[in-house]
2 protein chains.
Amino acid sequence: MPEEKETINKLAKAPIESLHLDSIAVVTNLYRAAQGLRNKMEREVLSDHGLSWTSFSILYDLWIWESVETKKLALSAGVSKATISNITNTLERKELCYRKIDNRDRRITYVVLTDKGRKVMEDLYPKFHRGEVEVVSSLSIDEQKVISSLLRRVIRENNF
Amino acid sequence: MPEEKETINKLAKAPIESLHLDSIAVVTNLYRAAQGLRNKMEREVLSDHGLSWTSFSILYDLWIWESVETKKLALSAGVSKATISNITNTLERKELCYRKIDNRDRRITYVVLTDKGRKVMEDLYPKFHRGEVEVVSSLSIDEQKVISSLLRRVIRENNF
DNA sequence: TCATAATCGTTAGCTTTGAAACGATAATAG
DNA sequence: CTATTATCGTTTCAAAGCTAACGATTATGA
């Protein structure tokens, strides 16, 4: 990669005893790929319904699990509970979900998908899935299995 | 993975002719790893100087290249030019960089690192690099090379 | 030359994001 | 049985982030 090489040269002047170039490459390319993925999906798929990546991932959870506690949504999406609270507000305004307080433990709030929300997902998911397939289409099935396996290890070992 | 399997079962009911499970796994794990990476770095390293991941990546570019056009910063960080404008304001307020208009083409604005900005990077980069190494430490060097290579292909083929 | 088009960065208005503080509720301890 | 702790979700406030519109500048073309 052109940019990567140039950067490494400049980094030589950095006050570092030893540079682990392979680690740098993994982190750089990992984040760039994820960022590109998100941007592409928001632009080409999710903008149809005015949804952000995180909003979609929440609707997705609700679609799969019917009803999910706020805390689990935050954990699943990798964002703070404050963010979930805000996004839930937006989704509620769009009538795609609603809140439901647990009667047994009134501290817990469940978020539930509405019929309208389900329809949106039934329209959106096939398009999203086509996007997923397209993004990784330059990798063979075996390569997809390899990269998933390696990423899973990173996720597991870091408790991501 | 426990959650992944359960999800796939639920997805069977989805209105999709054919599900490419390997593509789903790549996208899911790719995004989760990147999200975890960002959160960890912001929490454990960048919070020392009150910097976001994107702010840091901009300072990093300036550190390497001395002076960069706003447009290239947006491209490099994978965010919109409006975001760069906002972040540059914040960084300027912290006296970590300043703007400089090109005399030949007065539409172009360069962002330049200050001495204070350089000092911050000299303090921060070693810590950041230790974080990078730590995050991927469960992968062997060969595995790191493999995953970088596969990610690079995804990036290239999608113009990310 | 001068009008039109293209490019660049900022602004406006909104949603997303997180840390910290806050209220409400439940669990625990004495 | 009360008092203390712990947990949960929301609110507050600031920064990050996007789209679209805008003003300023440069390039193009007739």
Side-chain angles (χ1 to χ4, degrees), chain A residues 34-36 38-59 67-94 96-112, chain B residues 34-36 38-59 67-94 96-112:
Chain A
Q35 183 86 337
R38 174 173 180 151
N39 287 342
K40 175 195 170 75
M41 290 303 202
E42 290 187 339
R43 195 174 353 101
E44 297 180 5
V45 178
L46 305 179
S47 65
D48 290 0
H49 292 270
L51 293 173
S52 66
W53 176 280
T54 307
S55 299
F56 176 78
S57 86
I58 289 175
L59 284 183
S67 165
V68 185
E69 305 107 277
T70 298
K71 195 185 180 184
K72 285 192 180 176
L73 288 176
L75 220 61
S76 166
V79 297
S80 72
K81 50 190 184 169
T83 296
I84 297 295
S85 200
N86 284 326
I87 291 186
T88 301
N89 286 337
T90 303
L91 293 177
E92 240 179 10
R93 223 178 302 131
K94 293 182 176 179
L96 302 180
C97 71
Y98 62 92
R99 288 174 163 91
K100 185 170 173 53
I101 295 179
D102 188 331
N103 285 324
R104 281 183 287 258
D105 185 344
R106 298 182 54 76
R107 293 171 302 183
I108 299 180
T109 298
Y110 292 95
V111 184
V112 189
Chain B
Q35 182 87 337
R38 175 173 180 152
N39 288 342
K40 175 195 171 75
M41 290 304 202
E42 290 187 338
R43 196 171 356 101
E44 298 181 4
V45 178
L46 305 180
S47 64
D48 290 0
H49 292 270
L51 293 173
S52 67
W53 175 280
T54 306
S55 298
F56 176 78
S57 87
I58 289 174
L59 283 183
S67 164
V68 185
E69 300 103 287
T70 297
K71 197 185 179 183
K72 286 192 178 176
L73 288 176
L75 220 62
S76 166
V79 298
S80 72
K81 50 190 184 168
T83 296
I84 297 294
S85 200
N86 283 331
I87 292 185
T88 301
N89 286 336
T90 303
L91 293 177
E92 239 178 13
R93 224 177 301 131
K94 294 181 177 180
L96 302 180
C97 71
Y98 61 93
R99 289 172 162 92
K100 184 170 173 55
I101 296 178
D102 188 332
N103 285 323
R104 282 184 287 260
D105 185 344
R106 299 181 53 76
R107 292 172 302 183
I108 299 178
T109 298
Y110 292 95
V111 185
V112 189

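Proteins get letters first, then strands, A, B, ... in listed order; numbering begins at 1 in each.
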Please give, in whole Å, the distance from [N] [atom2] to [X] [atom1]?
{"X": "A:I58", "N": "C:dT17", "atom1": "CD1", "atom2": "P", "result": "8 Å"}
{"X": "A:I101", "N": "C:dA26", "atom1": "CD1", "atom2": "P", "result": "10 Å"}
{"X": "B:E42", "N": "C:dG18", "atom1": "CD", "atom2": "P", "result": "8 Å"}
{"X": "B:R99", "N": "C:dT11", "atom1": "CZ", "atom2": "C1'", "result": "12 Å"}
{"X": "A:L75", "N": "C:dG18", "atom1": "CG", "atom2": "P", "result": "12 Å"}
{"X": "B:Y110", "N": "C:dG9", "atom1": "OH", "atom2": "P", "result": "9 Å"}
{"X": "A:L96", "N": "C:dT15", "atom1": "CG", "atom2": "P", "result": "14 Å"}
{"X": "B:K100", "N": "C:dG9", "atom1": "NZ", "atom2": "P", "result": "15 Å"}

Report task. Could you go through the side-chain hydrogen bond (donor to acceptor under 3.5 Å, both in side chains) check for A:T83 and A:S80 one step at a time? Result -> CA-CA 5 Å; A:T83 296; A:S80 72; 3.2 Å; yes
Identify whether any heavy atom of [X] sits under 4.0 Å from a base atom; if not, whether one sits that close to sugar-phosphate; answer base, sugar-phosphate or nothing.
{"X": "A:T54", "result": "sugar-phosphate"}
{"X": "A:R43", "result": "nothing"}
{"X": "B:N86", "result": "base"}
{"X": "B:S55", "result": "sugar-phosphate"}
{"X": "B:K71", "result": "sugar-phosphate"}
{"X": "B:T109", "result": "sugar-phosphate"}

* **Closest-nucleotide 5' rank along DNA chain C - winner of A:L51 and A:N103** =>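 Whichever sits nearer the 5' end wins; that is A:L51.
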Take A:R106 and A:S52, find for each the nucleotide of DNA chain C with the closest heavy atom, and name the residue whose nucleotide sits nearer the 5' end.
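Final value for this comparison: A:S52.
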*Can you establish whether the number of heavy atoms outside A:K71 located under 6.0 Å from its atom NZ is more than 12?*
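No, not enclosed.
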Review point. So does A:R106 have more than 12 non-hydrogen atoms from other groups sitting under 6.0 Å from CZ?
Key: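 No.
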### Message
Reading DNA chain D from 5' to 3', where do the contacts with chain B start and stop? Cut-off is 4.0 Å to heavy atoms.
### Response
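First-to-last contact on DNA chain D, by the 4.0 Å heavy-atom rule, is D:dA15 to D:dT26.
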Looking at [options], which one has an atom nearest to any side-chain atom of [X]?
{"X": "B:N89", "options": "C:dG18, C:dA26, C:dT11", "value": "C:dT11"}
{"X": "B:I108", "options": "C:dC8, C:dA26, C:dT17", "value": "C:dC8"}
{"X": "B:R107", "options": "C:dT7, C:dT25, C:dG9", "value": "C:dT7"}

**Prompt:** For A:R38 and A:S52, which heavy atoms make the closest approach, and how far apart are they?
**Reply:**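 Smallest interatomic distance, heavy atoms only, reads NH2-CB, 4.4 Å.
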Which heavy atom in A:S67 sits nearest to a heavy atom in A:V112, and how many Å separate them?
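That would be OG-CG2, 4.0 Å.
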| said: As a quick check of understanding, evaluate side chain to side chain contact (heavy atoms under 4.5 Å, CB included) for B:I101 and B:I108, giving each step before the final call. | reply: CA-CA 6 Å; B:I101 296 178; B:I108 299 178; over 6 Å; no
Phosphate OP1/OP2 of C:dA26: any A:R104 side-chain N/O under 4.0 Å =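 Negative; the distance criterion is not met.
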### Query
Would you say C:dG9 has OP1 or OP2 under 4.0 Å from some side-chain N or O of B:S85?
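Checking C:dG9 against B:S85, no side-chain N or O comes under 4.0 Å of OP1 or OP2.
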Under 3.5 Å, is there a donor-acceptor pair between the side chain of A:E69 and the main chain of A:T109?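 Judged by distance alone, no pair lies under 3.5 Å.
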Which residue lies toward the 5' end of DNA chain D, A:A82 or A:Q35, if each is placed at its nearest nucleotide?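 So the residue in question is A:A82.
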| DNA chain D: B:D105 or A:E69, which has the more 5' nearest nucleotide? |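 The residue mapped nearer the 5' terminus is A:E69.
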Using only heavy-atom distances, determine whether the side chains of B:S57 and B:T54 contain a donor-acceptor pair under 3.5 Å.
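Their side chains do not contain a donor-acceptor pair, so the 3.5 Å distance test is not met.
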